[in-house]
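Proteins get letters first, then strands, A, B, ... in listed order; numbering begins at 1 in each. Because only heavy atoms are used, hydrogens play no part in the values below, and waters and symmetry mates are left out as well, while side chains stay in.
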2 protein chains.
Amino acid sequence: MDFFNKTGKMAIGSRLRMLTEMITEDAAKIYKLYDIDMQPKWFPVFYVLSAGEAKTITDVAKEIGHSHPSVSKIIREMAKHDLVTEQKDKTDGRRNMVSLSTKGLSITQKIEDQYTDVNQAIEQLIAQTRNDLWKAIEEWEFLLEQKSLFNRVRDQNKERESLKVKIVDYTADYKQAFRDLNEEWISKWFKMEGADYKALDNPESYILNRGGHILVALYNNKPAGVCALIKMDDPDYDYEMAKMAVSPTVQGKNIGFLLGNAIVEKAKSLGAKTIYLESNTILKPAINLYHKLGFNKVAARTSPYERSNIQMELIIK
Amino acid sequence: MDFFNKTGKMAIGSRLRMLTEMITEDAAKIYKLYDIDMQPKWFPVFYVLSAGEAKTITDVAKEIGHSHPSVSKIIREMAKHDLVTEQKDKTDGRRNMVSLSTKGLSITQKIEDQYTDVNQAIEQLIAQTRNDLWKAIEEWEFLLEQKSLFNRVRDQNKERESLKVKIVDYTADYKQAFRDLNEEWISKWFKMEGADYKALDNPESYILNRGGHILVALYNNKPAGVCALIKMDDPDYDYEMAKMAVSPTVQGKNIGFLLGNAIVEKAKSLGAKTIYLESNTILKPAINLYHKLGFNKVAARTSPYERSNIQMELIIK
DNA sequence: TATATTTGTGTAATTAGTTACGTAATTGTA
DNA sequence: TACAATTACGTAACTAATTACACAAATATA
């Protein structure tokens, strides 16, 4: 199919489905050729019963990897064709013991030639290929059992996304971004206050020159988040984490966490034992993030900000 | 699955189905991960439309290898989710021109990352295997297009069956079989005549000692078919092919053809240029077989047999 | 130009599986 | 020993495809 050359391997599911359908279709014709009264879908059930012993529906289902209703249906169909007999277990009234009938057993004889020929045909097919389909399926089954396709894709996603995010130190280039990103969320939820203007308009004199730091999260090399670490003149706390802002256009990419983490690491590297922050309880995702970073709520302290209604601290061990 | 180790490769259909199901299941979760409003089954349709142009239902179906009702249904579902827009073709009222809507187009942007990650994940999976599943599927598609699985199995069957058939020269051991097999079909369709009894009761004096031959087809080493080559005392023909009989219990195994062929070869090896035969038009499979062997109808000749109403000849080049 | 054939599409029924759920029998446990 | 949990399995509803069929529109043909 030309289609699959275009799509690439992400269409492997569709492609597999088509091949499967093609093979199943021929399987039905093959039973007819050998004049055997059986449908391809019965085969797995027939096969496990052909060992001879009677088995329960659930046993068969487990063995062939189907759901039990599927086996239940197949057994009913096979019973209609007199291939199996059902019998309630005497010691366990729930169990429906299924075994091949005389007619079913007679088919096990008749079908031997078909088994031989089909196996031979497939072996020859495989011998003509450079990549062994049977073994390839086996390998996929093994690998997917260890780690599902979903998990593989998710990890791929995380890796790619995290490559796009870089946390860098503040430079004058980011002055505008520092102001804009903060003004954006502050004025969305509250209103800008005097203390905001002071810090955002003069980060050098109000934050950096006083022993503080600012980190910038770049997403695809563009500033998408900022956060400040402000030196506190307080017996209880070394630094305050403040002015954290992440652009709403890049939400859900874990940038807040990466930024917060980097700020905490920075504080640690500066020998800090405690970090303080102020926030507002209506900013639920932010509060969650602070929790995730290890912050805990503390008793109220006075704040220069009107919007502050919750205070948190992180004790560094 | 342990099951498949037991069954051998004839269960490749079932095994493929299971792998397909596993992958499709994860595909649905993957779309969710990327927050894309799409089902795995929509993907092929979405993909061909993402090229931009509007296409008819049938075009899409052809391109992705689905039936048109399948595409029709998918389109309706996608329309319900505002992913496509339908529009009747102005110049051809039958055509339903389908293209991606604005929302659909916006997904083509969003989905790029997902494509990348899924392809990457599958590439890595393939890199971890010794047998490339993708290429293996491709090879199977190619080989099955050239000759279907059904035809491969049928040929395998024929080959195995023909190994069971041996054509041997007549010996006294086969006297009873020569008589019985012939009497069986003659008395089923007609009634035994004087000439029949003579030849069948005394093959040595009536056939072999007069320069004729008898061949016996053994199926599993038991006589299952016979045929005589009788020397003719006629200016037009060297030999007559007669008394061909195949047991109805082994019908459909090509034994008649193998036997007839062997008789013709025997005649050739004896230097014959012409072979003659008599039959009856109600024996259609027999007449077909004679045609297949190269015999053609000739004008009526007198015959010692009442049942003879058609005569045929083979000219050996 | 009338009619037959082909083409495009929708609807209905079928298929081979699934999950969800109900119920009865058995087993485990306080 | 009473009751909760588990097990076995059947029924119902759903899913993602198919084939069969109907019908209208367009095209080919006598």
Separation of D:dT7 P from A:Asp89 CG (nearest whole Å): 17 Å
Under 3.5 Å: donor-acceptor pair, side chain of A:Asn119, backbone of B:Met10: yes
Under 3.5 Å side-chain donor-acceptor pair for B:Asp113 and B:Thr116: no
Contact under 4.0 Å: B:Gln39 side-chain N or O vs D:dA16 OP1/OP2: yes
Carboxylate-amine/guanidinium proximity below 4.0 Å for A:Lys6 and B:Glu63: yes
Touch class at under 4.0 angstrom, heavy-atom based, for A:Ser70 against every strand present: base
Sugar-phosphate only, base, or nothing, as touched by A:Thr56 at under 4.0 Å among non-hydrogen atoms: sugar-phosphate
Check against side chain to side chain donor-acceptor pair (under 3.5 Å), A:Glu161 and A:Tyr219: CA-CA 9 Å; A:Glu161 284 297 326; A:Tyr219 184 74; 3.0 Å; yes
Any B:Asn96 side-chain N or O less than 4.0 Å from OP1/OP2 of C:dG8: no
Bend angle of the helix from C:dT1-D:dA30 to C:dA30-D:dT1, from helix axes over five pairs at each end, nearest 10°: 0°
Touch class at under 4.0 angstrom, heavy-atom based, for A:Thr91 against every strand present: sugar-phosphate
Rounded interatomic separation in angstrom, taking CD from A:Gln87 and C1' from D:dA8: 17 Å
Quiz item: A:His68 side-chain donor-acceptor pair to D:dG10 base, under 3.5 Å: yes
Between D:dA8 (C1') and A:Ile57 (CD1): distance, integer Å: 9 Å
A:Lys292 charged N/C atom sitting above A:Phe257 aromatic ring, 6.0 Å / 45°: yes
C:dT26 base / A:Arg94 side chain donor-acceptor hit below 3.5 Å: no
Short side-chain N/O contact from B:Thr24 to OP1 or OP2 of D:dA16, under 4.0 Å: no
Under-4.0 Å side-chain N/O to phosphate OP1/OP2 contact, B:Ser72 with C:dT9: no
Which residue lies more 5' along DNA chain C, comparing A:Lys90 with A:Ile74 via nearest heavy atoms: A:Ile74
Rounded interatomic separation in angstrom, taking NZ from B:Lys41 and P from C:dT18: 18 Å
Side-chain H-bond candidate by donor/acceptor type, B:Tyr34 with B:Asp117, under 3.5 Å: yes
More than 12 heavy atoms of other groups within 6.0 Å of B:Phe142 CZ: no
Rounded distance (Å) that lies between atom C1' of C:dA16 and atom CE of B:Met18: 12 Å
A:Thr129-A:Asn131 side chain donor-acceptor pair, cut-off 3.5 Å: no
Sugar-phosphate only, base, or nothing, as touched by B:Thr58 at under 4.0 Å among non-hydrogen atoms: sugar-phosphate
Length of the NE2-P vector between B:His66 and C:dT9, whole Å: 17 Å
Distance-only donor-acceptor test (3.5 Å): side chain A:Lys73, base C:dG17: yes
Spacing between A:Ile23 atom CD1 and C:dA16 atom P, to the nearest angstrom: 16 Å
Whichever of A:Arg76 and A:Arg17 has its nearest DNA chain D nucleotide further upstream toward 5': A:Arg76
Rounded interatomic separation in angstrom, taking CD1 from A:Ile75 and C1' from D:dT11: 17 Å
5′-ward residue of the pair B:Lys88/A:Trp42 relative to DNA chain C: B:Lys88
